Amino acid sequence: MQKVPIWRQIQRENFTSISSLLDFLEIEEKSQIDADPRFVLNLPRRLAEKIQKNTLNDPILRQFVPLVDEKTVAPGFVMDPVGDKTFCKTGKILQKYRGRALILTTSACAMHCRFCFRQNFPYETQVTGFEEEIAFLEKDLTIEEVILSGGDPLSLSDQSITTLFARLDAISHIKRIRFHTRFPIGIPERINDSFLNLLKNCRKSIYFVIHCNHPLELDDEVIASLKKIQKLGIPVLSQSVLLKEVNDREGVLFELFQKMVNCGIVPYYLHQLDLVEGTQHFLVSDIRAHALIQYLQENLSGYAVPRLVREIAGRKSKTRICL
Ligand code: SF4
């Protein structure tokens, strides 16, 4: 019988029941909790263990707990704010920018972030396998970089990633493969020898981009797992989302980006919130966002300050926010 990898066993311990999570966190005040959310709860136990007990006012918890605020209808907040559906070239390929194509490798994630811009994506219409995607990539000679996204590409088995790598390896005009993942933040055990080996054996240049929003997410185990990737000569970058009452304070962002550069992680983007239905309680104004970036610029090395951007559907690149 095939052995189940340790990270899959750990993933099974994720909190998916709201009542179990509230009991674990000893939360007494439950009136703000949405007990029946459309986007279900999914929170790795190791992240739950970092959350302060008996309060909803915790920067990790706020990113994952469904609140009744999500039911509020706010103007401008829509199901697909970044126009993903418009840019589908195949069931699983999105192409928005020149030279790059993104594969929605899976619908599965290590965790469910309440502000996720892809939480309403119709993954159920996708067929299994990547035949159509490979055929598309083979034909378009302008594509140099393939972004593996989802969901989270590290939800795929190593066997599936190896098979996909082999197909991409065979396409000569593809030079780079980029991972977009939040998996190491929740389940750093995923960066195991087998995964490292498949990275090592890939002939394309690899870039590894994590999604990390708060300094508490970057603990010693997470950093150690990312170091293993860096040791292979693979650059590790980070994207963060600016979120009200999670990381919208000078000190929090300073600590986050300082911690990153101390570990050799390059802060790449700080995203303004994508206006997904039910996420208005996370919105930080552009004026405040700009003030935060200015503070970082005055207090950190230039390379430690990410670009403040937002995605506007139809534009040829992310849009820098400058006031
Ligand atoms: S891990 Fe990424 S794709 Fe998954 S829910 Fe969070 S933001 Fe969305």
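Here the structure is a predicted model, which is why all the values come from computation and not from measurement. For ligands, and for the atoms within them, numbers begin at 1 and follow the listed sequence.
No option in Arg62, Arg182, Gln239 other than Arg182 meets the side-chain contact (heavy atoms from CB on, under 4.5 Å) test with Asn213.
Summarising the hydrophobic clusters (Ile, Leu, Val, Met, Phe, Trp, Tyr; side-chain heavy atoms under 4.5 Å, direct or chained), the residues clustered with Tyr97 are none. The other residues sharing a hydrophobic cluster with Tyr268 are Tyr207, Val209, Leu237, Val266, Tyr269, Val309, where clustering joins ILVMFWY side chains under 4.5 Å apart. By the 4.5 Å side-chain criterion applied to Ile, Leu, Val, Met, Phe, Trp and Tyr, Val78 is assigned to no cluster and stands alone.
In this structure, Phe208 and Phe179 have tilted ring planes: the angle between them lies in the 30° to 60° band.
Atom 4 (Fe) of ligand 1 has Cys109 SG as protein N, O or S atoms under 2.8 Å away.
Side-chain contact, Arg178 with His180: a donor N or O sits under 3.5 Å from an acceptor N or O.
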